[in-house]
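Structure record follows, encoded as structure tokens.
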Protein chains: 2
Amino acid sequence: MPALLLDGKSLARQIRAELREEVADFIENNVTIPTLAAVLVGNDPASEVYVRFKRRDCEEVGIRSQLHRMPEESTQEELLALIAKLNKSDEVHGILVQLPVPDQIRTERVLEAISPLKDVDAFHPENVGRLVQNRPVYLPCTPHGCLELLKRNDISTVGKHVVIVGRSDIVGKPLSIMLAQRGADATVTLCHSRTQDLPAVTRLADILIVAIGRPKFVTADMVKPGATVIDVGINRTDGGLVGDVDFDGVKEVAGHLTPVPGGVGPLTRVMLLVNTLAAARRLEN
Amino acid sequence: MPALLLDGKSLARQIRAELREEVADFIENNVTIPTLAAVLVGNDPASEVYVRFKRRDCEEVGIRSQLHRMPEESTQEELLALIAKLNKSDEVHGILVQLPVPDQIRTERVLEAISPLKDVDAFHPENVGRLVQNRPVYLPCTPHGCLELLKRNDISTVGKHVVIVGRSDIVGKPLSIMLAQRGADATVTLCHSRTQDLPAVTRLADILIVAIGRPKFVTADMVKPGATVIDVGINRTDGGLVGDVDFDGVKEVAGHLTPVPGGVGPLTRVMLLVNTLAAARRLEN
């Protein structure tokens, strides 16, 4: 029996509908509208698309969005000056700088400049540290999306062995900590390019989460029958968008599987909205 | 053949000897002496002992130490005022508040108040976050001690399966990330009280690290023959100080094993000195 699909797209739609009501409530009880300031430096076509999607998402739930465009040749100083202004602005609750930024600008310097209270991507080191200490201000969007996808499909992580493939700053590392903490209570194994005999490790997983950016890397022989497989990858190939998991093969083995597109991606986007509303609540109280 | 012992005591002595020379060099090239300010609130006997050891360690390598005593009934405000003063002082490079603090004081509030640049315990959330992002200011002492013990005994972690038992903020969680990062390159599994069939998981370990605070919890049947076993536990029992590992049983199975006392403990202490010298270098340059 092929795997049940974990439909992120319709779940994201449902969460946006919930958010729309929460945002309306917030606006009724406060003088201000939750507002996300997006900063876009240069003209990277993929970044243009991402920012457009994020603004459209905001609009759909009643969050106001600002777009601050800066030319490709902007200096780090200029970008930091804009961030400082947004940090101070009473009208802005969440700030996001669309990555990547041009080479003359140091990414870490930018992420550290955003006020932790307005850091809706949760990339500021203070927010990463608070996450590890299990008292987060905001949850990072993609890991949060993965957890929500499991939770809303009634897939418990308690006592389960979760294997994560990929040790990135924005997915693998924070997710490994979040899943091992009290509440999630999973046994967590973090794998990467230096892992020996990866298939033997991934076959241990009750829940397998893959975030490495290599098309169709995880094949059916790497999956324990009945396991839940979450594919975070989004790779552009000649055959269109594909994940890090070989969907056609793995769907014959897994118990649950996310499609790409339509799996984790829509939830990542919705979590940015969740954080922006949380930021507005925090800053207005 | 019984396990080879990983002798933390003599390794710590060796590192202190190295540090003594580095501290002497530093003093020769700077007008200031590296200085650690220890803050002790109340009269907890164990804390008294820890602080005394830490000060003696400092003395041995030529680091100056200050002891700031505050009465048991001190308020959080009073402690924060002292920390603010130490943060500003040009004479102080490292600050450590001996834990636990009395109940009327919130630990997190205290740890967040220490300037990240003087946070030689590396407990400030910003330092925890920078650690996760693999650009640490200081490494936390116990995890760093474990890594140094492996490194100086030529036990590589690259591609190895490391299983960590215990998900504390000061050992298990940071250590799991440090070992999985580029450089250490281990496949890391983080276990805890909710892990199912723990012996099956610990038997996967090439390197098993235990930090749960339960005397002799890890027994021989939980260890893969030939594995390296690092025992972070220090438990006071009627039979004296014992670790989290059943030493007598496990030494017949493991390839390498730390004794308790004399294993990780001495290295934890020495790493505080390493961080204090690093803080002095950072603040004087």
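Quick caveat, the model's predicted, so the values are computed rather than measured. Per chain, numbering begins at 1; letters A, B, ... match sequence-line order.
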Heavy-atom proximity to chain B below 4.5 Å, by part of Ile164(A):
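Contact with chain B involves no heavy atom of Ile164(A) at all.
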Using heavy-atom distances under 4.5 Å, tell me whether Ile177(A) contacts chain B through its side chain, its backbone, both, or neither.
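Answer is side chain: those atoms of Ile177(A) sit under 4.5 Å from chain B.
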Can you establish whether the number of heavy atoms outside Arg214(A) located under 6.0 Å from its atom CZ is more than 12?
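For Arg214(A), atom CZ is not crowded (no more than 12 foreign heavy atoms under 6.0 Å).
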Would you say Lys216(B) has more than 12 foreign heavy atoms packed within less than 6.0 Å of its NZ?
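Counting neighbours around NZ of Lys216(B), 12 or fewer heavy atoms of other residues, nucleotides or ligands fall under 6.0 Å, so no.
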Can you check side chain to side chain contact (heavy atoms under 4.5 Å, CB included) on Val132(A) and Val132(B), steps first, answer last?
CA-CA 9 Å; Val132(A) 173; Val132(B) 173; 3.8 Å; yes
Taking only residues two or more places apart in sequence or in another chain, which ones pass salt bridge (Lys or Arg N to Asp or Glu O under 4.0 Å) with Arg109(A)?
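Scan of Arg109(A) (salt bridge (Lys or Arg N to Asp or Glu O under 4.0 Å), adjacent residues dropped) gives none.
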Just so I understand: if I count every heavy-atom pair under 4.5 Å between each of Ser176(B), Ala186(B), Cys191(B) and chain A, which residue has the most?
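Highest number of heavy-atom pairs under 4.5 Å: Ala186(B).
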Out of Gln196(B), Arg167(B), Glu108(B), Arg130(B), return the one with the most heavy atom pairs under 4.5 angstrom to chain A.
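Most heavy-atom pairs within the cutoff with chain A belong to Arg167(B).
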Within the structure provided, determine whether Thr187(A) and Arg194(B) are in side-chain contact (heavy-atom separation under 4.5 Å).
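Not touching, per the 4.5 Å side-chain cut-off.
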Could you check whether any side-chain heavy atom of Val201(B) comes within less than 4.5 Å of a side-chain heavy atom of Leu204(A), counting everything from C-beta outward?
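They are not in side-chain contact.
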Has the side chain of Gln133(B) got a donor or acceptor atom that lies under 3.5 Å from a matching backbone atom of Phe123(A)?
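Between the backbone of Phe123(A) and the side chain of Gln133(B) there is a qualifying donor-acceptor contact (under 3.5 Å).
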So which atom in Leu190(A) and which in Ala180(B) form the shortest heavy-atom distance, rounded to 0.1 Å?
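Nearest pair, atom of Leu190(A) first, then Ala180(B): CD2-CB, 3.7 Å.
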Quick check: closest heavy atoms across Glu126(A) and Pro125(B), and the distance to 0.1 Å?
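Smallest heavy-atom distance, with atoms named: O-CB, 3.8 Å.
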Most heavy-atom pairs under 4.5 angstrom with chain B, which of Leu179(A), Val188(A), Asn127(A)?
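Counting heavy-atom pairs under 4.5 Å, the top option is Val188(A).
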Looking at Arg135(A) and Asp169(B), is there a salt bridge between them, counting it only when a charged N and a carboxylate O are closer than 4.0 Å?
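Salt bridge flag = no for Arg135(A) with Asp169(B).
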Going by distance alone, is a donor N or O of one side chain under 3.5 Å from an acceptor N or O of the other, for Lys173(B) and Gln181(A)?
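Yes.
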Using a heavy-atom cutoff of under 4.5 Å, enumerate the residues of residues 155-163 of chain A that contact chain B, numbered in order, or state 'none'.
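Val158(A), Gly159(A), His161(A), listed by number.
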